[in-house]
Visitor: 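Next up is a structure, given as structure tokens.
Throughout, protein chains are lettered first and strands after them, A, B, ... in sequence-line order, and every chain is numbered starting at 1.
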Amino acid sequence: MAATTNTLNPDADRAAPSAAQSLPDWLNRIHPAVWLLALFLLFVPAFTNDFIQLQVFGWAFVLGMIALSLMFLAGYGGMVSLVQMTVAGCAGYMYAIFGHSAFMEVSLGWPWWATIPIALIIAVLFGTISGALAVRTEGIYTIMITLAIASAFFYFTRQNYTIFNGFSGFNAVRPPPLFGVDWKQATPFYYLSLFFATLSFLAVLYVSRSSFGLALQGVRDNARRMEALGFNVTAHRIAAYSFAALIAAVAGILLTWLNGQISPGTAGIGPVIDILIIAVVGGLRHPIGPFIGALIYVVLRTFALDALVAVGIAGERFQLLIGLGFLLIVLFSPDGVLGLWSRWRARLRKRRSEL
Amino acid sequence: MASVAERLSAAGTANALELRGVSRLFGALVALDDVTMSVRPGERRAVLGSNGAGKTTLFNAVTGDFPPSSGVIRFFGEDITWFPPHERIRRGLRRTYQISLLFGDLSVLDNVYLACRGVSRGRFSLLRPRRNDALMQSAIELVEAVHLSAVRERLVAQLSYGEQRQLEIALALAGAPRFILFDEPAAGLAPGERAELVEILSSLPRHIGYIIIEHDMDVALRVAESVSMMHNGRILKEGTPAEIESDREVQELYLGGGHG
Ligand SMILES: Nc1ncnc2c1ncn2[C@@H]1O[C@H](COP(=O)(O)OP(=O)(O)OP(=O)(O)O)[C@@H](O)[C@H]1O
Ligand SMILES: [Mg+2]
């Protein structure tokens, strides 16, 4: 994929000569491999069963989006936020609380066209406020503060029964039957999540080369100089949290539909860390990374159990396998699968030039 | 708070830069010691002083990188002592860094584009910069003004030292600067590059004043009309270049001290 080149340089765009005049410039620049991938993803439901569509691809798209929101903050902003899964959980909760669930003593039963925007707004506010608290810190302290917020949210939702229905959360949370489609079915949900995953992927790619994205990368590389150029560094960082929160919030609602429920465990400490693992394993250098990481994670989670049982190890140890895989990848390639990929390509190119 | 009219009339007559009793401590170290100085709009001032005299600290106090511990700083009449750095920059103050602070992973043009963006609207714009943007055009012109057009698309990390120093200057010229602080722009440059620097500084519009920190007397005297001499965090002498050069105390402290 053309993806692995240095995306931080917006010149990649400008430098590209427009060879064929018949197609718009941006269409011409799309690598054939991208077309192939797009075609493949469009036709996945034609040759896979419900299980693969929902449990593998559905999950990979949704978790990939949440990890993407982390990748945006960490990759372009240099801010490792552990609060992204919590933002997603917050959106899911709000959807269940304002909308419908099995627990109608608490759920307000508002229509979807009110519930979804409200859930998104509240989750984005939550993400923004978390960002505002975190941006004045750096490195390990950012991780600690966002982790503290994530834990606080987890324990609060577990103990609060009047709003969050405590330990059990909300069951039977369904997507609205828009256009007469039951979006919880495998194939509709596959396309729904594919659509939003693609949309957020393209949004991040686009924003990374916008004025805002460029400035964010400037802030990451050299905050002091950015201030001396007239940029309000703090405001830029907080705005990045808002943008990332929107992606995580959309994913959070999808996640709630996919699960059919939302409970404290959805955004517990385990899942919060999983998102970090997904993003790092995939690679933080390009927005495709989180989706690769999510696919690896979901495949391992789904099939490691059987594989382990087959070789005579207790199936519950799949977390061990994920941990081991994480260790191996970080050991061999600190910049994740994407890093492996670009190094492999570099070696190939070198060999070809030696011939 | 002064009324708008008062502030406007103050701006008309005010000094470009005015420091009153500015001090800066680093722990027990007094890096700036009760500095009082004023620079008229359009005035070009050189600051001399040995290593550790507090010259860079003076700049850091003015730009807000390290705000003063006490004292008042006025910029065209406005009290900016407690403004965050970006607010000072947006009012027309600019600076370069003694040790280049650039974006190594971005191209020369993108560095300058960022600088232009920083002092214009649309800092949060989600639109991508295009070749024919007005802002991109002014970035291209600025690159040309500092003689870097030939390496415009190159990544800054790949530039030579001298080219990086020139880029530092381009970043300070973005937008509509009213007053610029140059921190040793000539340090480490080859003679040819120094001549180029002098030419760039001399060709700045007359209304733009600046302070230049410069060890090399030859350069300083060609680009400045007044000189401040710093020592141990204090302003020791102020005067015309001729006065400073002939001053005995200055000669003992500085000119005889192995510099230049
Ligand atoms: N951020 C800082 N923290 C602690 N001490 C500092 C800091 N910045 C400067 N100093 C100290 O303040 C004093 C003045 O330093 P400054 O950089 O202003 O000197 P200078 O006149 O610019 O010298 P040079 O010609 O070497 O650049 C020095 O003793 C320096 O060690
Ligand atoms: Mg200095």
Side-chain angles (χ1 to χ4, degrees), chain A residues 5-18 25-26 29 72 75-78 128 135-136 202-243 246-247 285, chain B residues 59-60 63-66 83-97 100-133 135-136 152-157 168 171-172 174-175 177 181:
Chain A
T5 51
N6 183 6
T7 57
L8 309 188
N9 180 9
D11 273 339
D13 269 3
R14 292 186 228 117
S18 49
D25 202 31
W26 63 272
R29 280 200 304 270
F72 178 78
Y76 298 120
T128 308
V135 290
R136 283 173 198 281
L202 293 177
V204 167
L205 208 57
Y206 189 88
V207 167
S208 72
R209 296 180 205 172
S210 67
S211 288
F212 170 68
L214 257 177
L216 185 64
Q217 291 160 65
V219 167
R220 171 197 65 195
D221 292 340
N222 203 331
R224 183 175 172 200
R225 173 51 113 167
M226 288 301 280
E227 274 283 334
L229 291 180
F231 289 93
N232 184 342
V233 164
T234 308
H236 260 274
R237 288 186 169 143
I238 296 176
Y241 269 92
S242 306
F243 178 76
L246 181 60
I247 293 174
R285 287 226 313 251
Chain B
F59 278 15
N60 283 336
T63 57
D65 285 40
F66 294 102
F83 281 17
H86 65 264
E87 287 293 347
R88 308 176 192 220
I89 302 303
R90 291 177 195 179
R91 280 166 175 72
L93 181 67
R94 300 284 188 278
R95 80 170 293 179
T96 70
Y97 286 87
S100 295
L101 270 185
L102 302 165
F103 303 98
D105 290 337
L106 297 184
S107 70
V108 171
L109 184 58
D110 285 336
N111 270 261
V112 179
Y113 176 80
L114 267 183
C116 293
R117 182 51 89 189
V119 287
S120 67
R121 285 158 176 277
R123 283 172 283 255
F124 289 88
S125 165
L126 292 180
L127 296 179
R128 288 186 176 187
R130 296 262 157 238
R131 256 276 183 250
N132 42 11
D133 280 355
L135 213 57
M136 190 56 88
R152 193 167 70 192
E153 306 294 341
R154 203 170 297 167
L155 293 189
V156 166
E168 267 288 328
L171 297 194
L181 309 173

Visitor: Around A/Arg136, counting heavy atoms of other residues, nucleotides and ligands shown, do more than 12 lie under 6.0 Å from its CZ?
Guide: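 Atom CZ in A/Arg136 is not crowded, with 12 or fewer foreign heavy atoms closer than 6.0 Å.
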Visitor: Taking B/Phe103 as the fixed residue, which of B/Leu114, B/Val156, B/Val108, B/Asp110 is the one that meets the side-chain contact (heavy atoms from CB on, under 4.5 Å) rule?
Guide: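 Only match with B/Phe103 under side-chain contact (heavy atoms from CB on, under 4.5 Å): B/Leu114.
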Visitor: Counting heavy-atom pairs under 4.5 Å to chain B, which of A/Thr234, A/Val233, A/Asn232, A/Val207 comes out on top?
Guide: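 Option with the top pair count is A/Asn232.
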Visitor: Considering only heavy atoms, which portion of B/Ala115 lies under 4.5 Å from any heavy atom of chain A: side chain, backbone, both, or neither?
Guide: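 When you check distances to chain A, atoms from both the backbone and side chain of B/Ala115 fall under 4.5 Å.
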Visitor: With a 4.5 angstrom heavy-atom cut-off, could you sort out which part of A/Ala239 is near chain B: side chain, backbone, both or neither?
Guide: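 Interface part for A/Ala239: side chain.
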Visitor: Using non-hydrogen atoms and a 4.5 Å limit, figure out which bit of B/Phe124 sits close to chain A: side chain, backbone, both or neither.
Guide: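 Both parts, backbone and side chain.
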Visitor: Cation over ring, B/Arg95 on B/Tyr97, under 6.0 Å and within 45°?
Guide: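 Yes, a cation-pi geometry.
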Visitor: Taking salt bridge (charged side-chain N to carboxylate O under 4.0 Å, His left out) as the test, write out the residues that go with B/Asp133, two or more places apart.
Guide: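 Partners of B/Asp133 by the salt bridge (charged side-chain N to carboxylate O under 4.0 Å, His left out) criterion come out as none, since no residue qualifies.
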Visitor: Heavy-atom pairs under 4.5 Å with chain A - which of B/Leu135, B/Leu126, B/Asn111, B/Val119 has more of them than the others?
Guide: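 Sorted descending by pairs with chain A, the first entry is B/Leu126.
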Visitor: What is the ring orientation for A/Phe231 with A/His236, classed by angle as parallel under 30°, tilted 30 to 60°, or perpendicular over 60°?
Guide: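 Plane angle over 60°, so perpendicular.
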Visitor: How far does CG of B/Leu171 sit from CG of B/Leu102, to the nearest 0.5 angstrom?
Guide: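 Rounded to the nearest 0.5 Å, the CG-CG separation comes to 6.0 Å.
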Visitor: Need one label for A/Tyr206: side chain, backbone, both or neither, based on atoms under 4.5 Å from any heavy atom in chain B.
Guide: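 For A/Tyr206, backbone and side chain are both near chain B.
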Visitor: Side chain, backbone, both or neither: which part of B/Ser125 has a heavy atom under 4.5 Å from chain A?
Guide: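 Both parts, backbone and side chain.
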